[in-house]
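Structure, as structure tokens:
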Amino acid sequence: MSFRSGFATFAGKSSYWFLHTFLHGGSSLPGKITLKLDPNILKSLGAKYDVIVITGTNGKTLTTALTVSVLHEKYPTILTNPTGSNMEQGIVTTFLNAKNPKTGRPLAVLEVDEANVIKVTQYIEPKAFVFTNIFRDQMDRYGEIYTTYQKILDGVALAPNATIIANGDSPIFHSKELPNPIQYYGFDNEPDGDFKAKPNTDGVLCPNCEHILHYHSLTYSNQGKYFCPNCGFSRPELTYRLTKLGEQTPTSSEFDVDNHPFKIQVGGTYNIYNALAAYSVGRFMGVDPDLIAKAFDTNEQVFGRQEVINVDGKHVTIILVKNPVGLDQVLHMIGTDTHPFSLVGLLNANYADGIDTSWIWDGDFEQLTNREIPTVITGGERYKDITFRLKVAGIPDENHIVEPDLEKVVDQIKQVSTDHVYVLATYTAMLQLRKILASKGYIKEGLGV
């Protein structure tokens, strides 16, 4: 390590110590300071690690957490960024906080923002990339889905020997020839039929001939066993297969992968994809399926991702939402709850959320009217937008409380008639809410709040 790198590392670690000792956290500032002093610091910090990069639109944080749990069954030392601080400065902070490995090459399992993959690979050649999915998201930053994928590929191009572990049910991941070795995971639990995706679904044009793709089976959005009836383009052969879909509740999912039973303590089909990705990484790294099952069944709650927090006897589940596909899957998942529940929608439009809030109009909030929800609360910095959207969806005014102030939202949650409360929040709104809950003693401080 050069003198410049050493000094930058010392400054970054010192700032991390100060922030976490006296100010209860901070996941970006130490990285920003370090990068200012040495823009190439990742080359030094990451040199001792075998790195696995997890990227894509939805599911990065949970996939990363599940992957770390799985790999811990075989590998004792794993560095990761558990709070979802996935841009360059957050990744630098993650390395700054690492203990020096005494022997061998430890693993680093890193959640990486799509546009920041190249900022990692220009200094570190990963052992593997994991591609979760590509959906329309934060168009002010990423543009359309093909632009987003190209941002990832620009980074992958610097690591042609790294293995790609990709969601085979997503057509975009089979749309370009790559030099890397590739393994695919996906759903293979239904007999073949012939379906089309819903109207206005992104990414359903064949990359070869631009005809509309058909599906032998369809999970959600544009994901499934796709094929083109015009030119023969089709889903690639899967390396890892979901072979059975079992009972699903808002808090758990049962399924078989490669005919081996698994259970995760989180609901939603979209989260089964995340588990399938983690399983695939585990098998790639030589972890036995029985150990993977053990890791899944004991996995702890993940920061801001279906976290259940007890607020004066109310079971408050915080769920990050940020784009139409993810929102629809969350709404479908909470709709399976057999208990009465109240709903909170918190909308911000900061850079980390995406400054364009028009995506809420593409989400199917109308499905909420199929269920009697005693109380709906809307708030956040863009409370007017989410309030009007739910009014248009058909939420009755008498059931609807509008409260921009998140501290008062917490007070309102305590007064609802149901024991179960779901909070759907954009990223910075989720951070703000967690900070308030921490200040009131409902959760521990830190973890980026």
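Remember, it's a predicted structure, so these values are computed and weren't measured experimentally. Count residues from 1 along the sequence.
The side-chain hydrogen bond (donor to acceptor under 3.5 Å, both in side chains) analysis of residues 330-340, with sequence neighbours excluded, yields the pairs D337-H339, D337-H420, D337-Y422. Annotation: salt bridge (charged side-chain N to carboxylate O under 4.0 Å, His left out) contacts involving residues 374-384, sequence neighbours excluded, comprise R382-D385.
Taking the six-membered ring where the residue is Trp, the centroids of H174 and F233 are separated by under 6.0 Å. Between Y279 and Y185, a ring centre-to-centre spacing not shorter than 6.0 Å is recorded.
One distance of note links OH of Y184 with CZ of F131; it measures 9.0 Å at 0.5 Å rounding. Distance check, rounded to the nearest 0.5 Å: OG1 of T80 to CD1 of I91 gives 10.0 Å. Atom CG of residue L178 and atom CZ of residue F173 lie 11.0 Å apart, to the nearest 0.5 angstrom. Note: L35 CG to Q89 CD = 7.5 Å, rounded to the nearest 0.5 Å. With rounding to the nearest 0.5 Å, the separation of CD1 in I52 from CZ in F284 is 7.0 Å. T67 OG1 to L110 CG: the interatomic distance, rounded to the nearest 0.5 Å, is 11.5 Å.
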**Message:** Quick one, N348 with Q432, criterion side-chain hydrogen bond (donor to acceptor under 3.5 Å, both in side chains). Give me CA distance, side-chain angles, the key distance, then yes/no.
**Reply:** CA-CA 10 Å; N348 283 2; Q432 292 165 2; 3.2 Å; yes
**Message:** Would K440 and E407 count as a salt bridge (Lys or Arg N to Asp or Glu O under 4.0 Å) here? Give the steps.
**Reply:** CA-CA 10 Å; K440 295 178 180 294; E407 287 221 26; 3.8 Å; yes
**Request:** Run the numbers on N133 and S170 for side-chain hydrogen bond (donor to acceptor under 3.5 Å, both in side chains), then give the verdict.
**Result:** CA-CA 6 Å; N133 47 62; S170 180; over 6 Å; no
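Of the charged side-chain nitrogens involved, at least one lies within less than 4.0 Å of a carboxylate oxygen, so that D362 and R136 count as a salt-bridged pair.
With sequence neighbours excluded, the residues satisfying side chain to side chain donor-acceptor pair (under 3.5 Å) with E237 are R241.
Ring planes of F255 and F262: parallel class, angle under 30° (limits at 30 and 60°).
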